[in-house]
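Please read the structure below before turning to the comments.
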Amino acid sequence: MAKQNQENQESSSFFAGVYQIVAQIPFGKVISYGQIAWMLGKPRAARMVGWAMRRCPDGLPWQRVVMADGTLAGGPYADLRRELLKAEGVAFLPDGRVDMDACRWELFRTETPQK
DNA sequence: ACATTGACCGGTT
DNA sequence: AAACCGGCCAATG
């Protein structure tokens, strides 16, 4: 009965979780698709996250969502997003990638401080 | 109902 | 270093 409703924020729709997480990304920060999937309990379902993004819901700062390597995703909009992120104060590398090392959101940096 | 595709990721070859 | 592959789940034809 009421139990079903309770899930509608964490497990009900993968997408819903994605939207909420992306919406919580602080200013000047970025996150990878895999990272989002990771939070939702599906470390391998990064594709689903991208799928949800492609649908592009309203008011969702999808521009802050990049690939694990810091490469800008988003097909034809990738170049545009670089400008948006730059405008947010996100650090960029000479390769045209986002500096995940400085702008990675919600990441436990206990690992590989220098590897 | 089945097959194909899709803003990806990480490990192998 | 580059290419390939499997995995995850949903939408489309």
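Numbered from 1 within each chain, the chains take letters A, B, ... in sequence-line order. Everything numeric in this text was worked out from a predicted model, so none of it was measured.
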Quiz item: Among dC9(B), dG6(B), dT12(C), which is the nearest nucleotide to the side chain of Met48(A)?
Solution: dG6(B)
Quiz prompt | 5' precedence on DNA chain C between Trp51(A) and Ala45(A) (nearest-nucleotide basis) | solution = Ala45(A)
Quiz item: Rounding to a whole Å, what distance do you find between Asp69(A):CG and dG11(B):C1'?
Solution: 13 Å
Self-check item: Atom-to-atom span, CZ of Arg64(A) to C1' of dA7(B) - whole angstrom
Solution: 17 Å
Quiz prompt | Among dC9(B), dC8(B), dC9(C), the one nearest Lys42(A) by side-chain distance | solution = dC9(C)
Self-check item: Whether Arg64(A) side chain and Ile25(A) backbone form a donor-acceptor pair below 3.5 Å
Solution: yes
Quiz prompt | Polar side-chain atom of Glu83(A) near backbone of Asp79(A) as donor-acceptor pair, under 3.5 Å | solution = no
Quiz item: Can you tell me how far P of dC8(C) sits from CE of Met53(A), to the nearest Å?
Solution: 21 Å
Quiz item: Closest to the Tyr33(A) side chain: dC9(C), dC9(B), dA11(C)?
Solution: dC9(B)
Quiz item: When rounded to the nearest Å, what value does the distance between P atoms of dT4(B) and dC5(C) take?
Solution: 16 Å
Quiz prompt | Between P of dC8(B) and CG of Leu40(A), the distance in whole Å | solution = 17 Å
Exercise. Please state how far atom CZ in Arg47(A) lies from atom P in dG7(C), giving the value in whole angstrom units.
Key: 11 Å
Quiz item: Between dA7(B) and dA2(C), how far is it from one P atom to the other, in whole Å?
Solution: 23 Å
Quiz item: Between the main-chain N or O of Arg97(A) and the side-chain N or O of Asp95(A), is there a donor-acceptor pair closer than 3.5 Å?
Solution: no
Practice problem: Could you measure between the two P atoms, the one in dC8(C) and the one in dA1(B), and give it in whole Å? | Solution: 23 Å
Quiz item: Between Gln35(A) (CD) and dA7(B) (C1'), how many Å, whole number?
Solution: 17 Å
Quiz item: Are OP1 or OP2 of dT12(C) and a side-chain N or O of Arg54(A) less than 4.0 angstrom apart?
Solution: no
Quiz item: In whole angstroms, how far is the P atom of dC8(C) from the CE atom of Met39(A)?
Solution: 20 Å
Practice problem: Tell me whether Phe14(A) is reachable from Val65(A) by hopping between hydrophobic residues (I, L, V, M, F, W, Y) whose side-chain heavy atoms are closer than 4.5 Å. | Solution: yes
Self-check item: d(CD1, Ile36(A); P, dC9(B)) in whole Å
Solution: 10 Å
Exercise. Assess whether one donor atom and one acceptor atom, taken from the side chain of Arg44(A) and the base of dG6(C), lie less than 3.5 Å apart.
Key: no
Practice problem: Output the single nucleotide from dC9(B), dC8(C), dA11(C) whose closest atom is nearest the side chain of Phe15(A). | Solution: dA11(C)
Quiz prompt | Which nucleotide in dC9(B), dG7(C), dT12(C) has an atom nearest any side-chain atom of Met67(A) | solution = dC9(B)
Quiz item: Do Trp51(A) and Val49(A) have side-chain heavy atoms sitting under 4.5 Å apart?
Solution: no
